[in-house]
Novice: 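What follows is a single structure, and I will ask about it in a moment.
Residue numbers start at 1 and run along the sequence shown.
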Amino acid sequence: MRGAPVARTDHAPEEHLRGLVAVVTGAARGVGCALARSLSDVGVHVALLGRTEPSLREVAAFLPTPSICVESDVTDRTALAHAARRVEAELGQASIVVANAGIAVSGPFDQTSAELWQQVVDVNLTGSANTARAFLPQLISTHGYFLQVASTAAFGSAPMMSAYCASKAGAESFALALRGEVHPHGVQVGIAYVHWTGTDMLMGIDDHPVLTALRRHQPGPARRVHTPDQVARWLTHGIAQRTPHIYAPPWLRWCQPLRPLFPTLVARVARRELQASPSGTPFSRAEVLGASERADRRSYPGSHTSPPSDPC
């Protein structure tokens with residue numbers, strides 16, 4: 001059943017995914033790594049895409065189902081086209097494609113180089129479109145499911161995160177537009193809204209006063225940090241049901257009607273924090289969030305122009 005269409009029942013349990021082929025971008029760590037494991041645990045054959053093949057192989061070594069590792073940058077359309085050919089030849093046509101790769105940069109807009117700001121958009125937004133473009137023929141053939149991993153950053157944009165918030169809001173909008181276009185072909189498009197998750201990207205958030213203040217002013221449940229494994233289970237359940245919207249955690253669905261209020265609330269907290277900070281703080285320069293993200297950026301060939309495209 002490799003590459004077969006995903007089961008169409010409204011409440012398809014995870015076992016209906018067994019034998020299907022899934023593509024996960026940004027699969028080397030964080031949510032992408034956890035999702036690859038979760039999908040493999042329910043019998044999915046997984047193609048792991050990411051910037052460094054050795055890191056992907058470390059993940060694949062523990063997967064119980066057939067898998068392949070394809071080193072590819074989501075900003076490189078040629079590399080993604082090559083990845084699509086490999087997936088079809090070695091695993092079968094993809095029935096599930098998860099656009100998960102992403103990076104975040106924190107810092108004032110005027111302290112963020114134009115190149116770095118553009119790179120975040122290139123990975124998080126254009127990279128998602130490139131992924132869809134490369135695998136859409138397979139998804140049409142299998143009547144498959146495309147999942148765009150977005151963020152609650154699309155609900156209310158946070159100061160000091162302009163590139164990340166803009167790119168995630170754009171990725172959400174892209175997925176909504178794509179949904180209408182591909183529905184006649186039997187392809188369904190889902191959007192995952194992921195909240196605070198204990199990935200490398202979140203480490204060191206206490207060094208960023210505005211982000212810390214925004215989290216501190218959220219209700220108790222909203223401040224909770226969830227593990228990548230828990231988020232991956234929520235995503236896997238949503239994938240099995242071909243859900244239009246996946247919320248991680250699930251209570252986020254009740255925030256959708258309140259979205260018009262969030263920009264005002266976020267701006268109020270951020271303004272208070274910025275006014276209380278001495279001149280020149282809380283940021284002196286923009287930086288990529290996550291120690292391993294920064295290390296990859298330094299070590300990856302051509303790192304002066306392209307940051308790592310690993311999970312959000």
Novice: Working to the nearest 0.5 Å, report the span between CE of M161 and OG of S167.
Specialist: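 M161 atom CE to S167 atom OG measures 8.5 Å (nearest 0.5 Å).
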Novice: As an exercise, state the distance from NE2 of H16 to CZ of R242, rounded to the nearest 0.5 Å.
Specialist: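 CZ of R242 is found 13.0 Å from NE2 of H16.
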Novice: In the structure I gave you, are the side-chain heavy atoms of I191 and R179 within less than 4.5 Å of one another anywhere?
Specialist: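 Side-chain contact under 4.5 Å: yes.
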Novice: Who pairs with A47 by side-chain contact (heavy atoms from CB on, under 4.5 Å), at least two apart in sequence or on another chain?
Specialist: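 Partners of A47 under the side-chain contact (heavy atoms from CB on, under 4.5 Å) test: V23, L49, I68, V87, L91.
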Novice: Would you say Y145's side chain and T243's backbone share a donor-acceptor pair under 3.5 angstrom?
Specialist: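 Side chain of Y145 to backbone of T243: a pair is present.
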Novice: In Å and rounded to the nearest 0.5 Å, what is the CG to CH2 distance from D122 to W117?
Specialist: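 Reported to 0.5 Å precision, the distance equals 10.0 Å.
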Novice: So, taking the atom named OG1 in T227 and the one named CZ in R233, what distance separates them when rounded to the nearest 0.5 Å?
Specialist: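 It comes to 6.0 Å.
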Novice: With sequence neighbours left out, what residues match A132 under side-chain contact (heavy atoms from CB on, under 4.5 Å)?
Specialist: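 In terms of side-chain contact (heavy atoms from CB on, under 4.5 Å), with neighbours along the sequence ignored, A132 is linked to F146, F174, L178.
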Novice: Decide yes or no for L235 and V31: does some side-chain heavy atom of the first lie under 4.5 Å from some side-chain heavy atom of the second?
Specialist: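 Side-chain contact under 4.5 Å: yes.
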Novice: Hey, could you give me the OG1/CD distance between T75 and Q118, rounded to the nearest 0.5 Å?
Specialist: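 Going from the OG1 atom of T75 to the CD atom of Q118 covers 11.0 Å.
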Novice: Quick check: closest heavy atoms across Q241 and H237, and the distance to 0.1 Å?
Specialist: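 Closest approach of Q241 to H237, heavy atoms only: NE2-NE2, 2.7 Å.
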Novice: Got a sec, which residues hit ring pair (Phe, Tyr, Trp, His ring centres under 6.0 Å) with Y247, two or more places apart in sequence or on another chain?
Specialist: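 Only Y193 meet the ring pair (Phe, Tyr, Trp, His ring centres under 6.0 Å) criterion with Y247.
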Novice: Any side-chain heavy atom of I239 within less than 4.5 Å of one from V98?
Specialist: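 A side-chain contact exists here, since the closest heavy-atom pair is under 4.5 Å.
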Novice: Which atoms form the tightest heavy-atom contact between L56 and A27, and what is the distance?
Specialist: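 That closest heavy-atom pairing would be CD2-C, 3.9 Å.
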Novice: I'd like to know if the side chain of Q138 and the backbone of A84 have a donor-acceptor N/O pair within less than 3.5 Å.
Specialist: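 Yes, Q138 side chain to A84 backbone: donor-acceptor pair under 3.5 Å.
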Novice: Answer yes or no: is there a donor N or O on one side and an acceptor on the other, between the side chain of S173 and the main chain of A169, under 3.5 Å?
Specialist: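 Looks like no, no N/O pair under 3.5 Å.
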Novice: Is E53 reaching over with its side chain to a backbone N or O of E71, donor-acceptor style, under 3.5 angstrom?
Specialist: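 No, the answer is negative, given that no donor and acceptor are paired below the 3.5 Å cut-off.
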Novice: Which residues pass the salt bridge (Lys or Arg N to Asp or Glu O under 4.0 Å) test with R77, sequence neighbours left out?
Specialist: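 By the salt bridge (Lys or Arg N to Asp or Glu O under 4.0 Å) rule, R77 matches no residue at all.
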Novice: If every non-hydrogen atom of V70 is compared with every non-hydrogen atom of A83, which pair is closest and at what distance?
Specialist: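 Answer, listing the atom of V70 first, then A83: CG1-CB, 3.6 Å.
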Novice: Can you list everything that forms a side-chain contact (heavy atoms from CB on, under 4.5 Å) with A34? Sequence neighbours excluded, please.
Specialist: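 With neighbours one apart ignored, the set is R37, P228, D229, A232.
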Novice: Are side-chain N/O atoms of S128 and Q148 paired as donor and acceptor at under 3.5 Å?
Specialist: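 Looking only at side-chain atoms, Q148 and S128 do form a donor-acceptor pair, the distance falling under 3.5 Å.
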Novice: Quick one: closest heavy-atom pair of A248 and V231, and the distance?
Specialist: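 Taking A248 first and V231 second, the nearest heavy atoms are CB-CG1, 4.0 Å.
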Novice: May I ask you to decide if V24's main-chain N or O and N100's side chain share a donor-acceptor pair within less than 3.5 Å?
Specialist: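 Absent.
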Novice: Is it the case that the side chain of N124 and the backbone of I103 share a donor-acceptor pair, with hydrogens and angles ignored and the cut-off at 3.5 Å?
Specialist: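 Present.
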Novice: Would you say S40's side chain and T65's backbone share a donor-acceptor pair under 3.5 angstrom?
Specialist: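 The answer is yes, because a donor-acceptor pair under 3.5 Å joins these two groups.
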Novice: So do the side chains of T236 and D41 get within less than 4.5 Å of each other, counting heavy atoms only?
Specialist: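 Heavy-atom side-chain distance check fails, nothing below 4.5 Å.
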Novice: Going by heavy atoms in the side chains, are L147 and I96 under 4.5 Å from each other?
Specialist: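 No, too far: nothing below the 4.5 Å cut-off.
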Novice: Give me the atom names and distance for the closest heavy-atom approach of A22 to V44.
Specialist: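 Shortest heavy-atom separation between A22 and V44 comes out as CB-CG1, 3.5 Å.
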Novice: Quick check for you: to the nearest 0.5 Å, what is the distance between S72 atom OG and R86 atom CZ?
Specialist: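 Here the rounded value is 9.5 Å.
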Novice: Show the nearest heavy-atom pair for residues V187 and L139, with the distance to one decimal.
Specialist: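 Between these two residues, the closest heavy atoms are CG2-O, 3.4 Å.
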Novice: Quick check on the hydrophobic clustering: are F62 and V42 connected, directly or via other members, by side-chain heavy-atom contacts under 4.5 Å?
Specialist: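 No; tracing contacts between hydrophobic side chains, which count when under 4.5 Å, never links both residues.
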Novice: Please identify each residue that fulfils salt bridge (Lys or Arg N to Asp or Glu O under 4.0 Å) with D76, with sequence neighbours left out.
Specialist: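 Salt bridge (Lys or Arg N to Asp or Glu O under 4.0 Å) list for D76, sorted by chain: empty.
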Novice: If you define the side chain from C-beta out and look only at heavy atoms, does anything of Q188 sit under 4.5 Å from P244?
Specialist: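 A side-chain contact under 4.5 Å is absent here.
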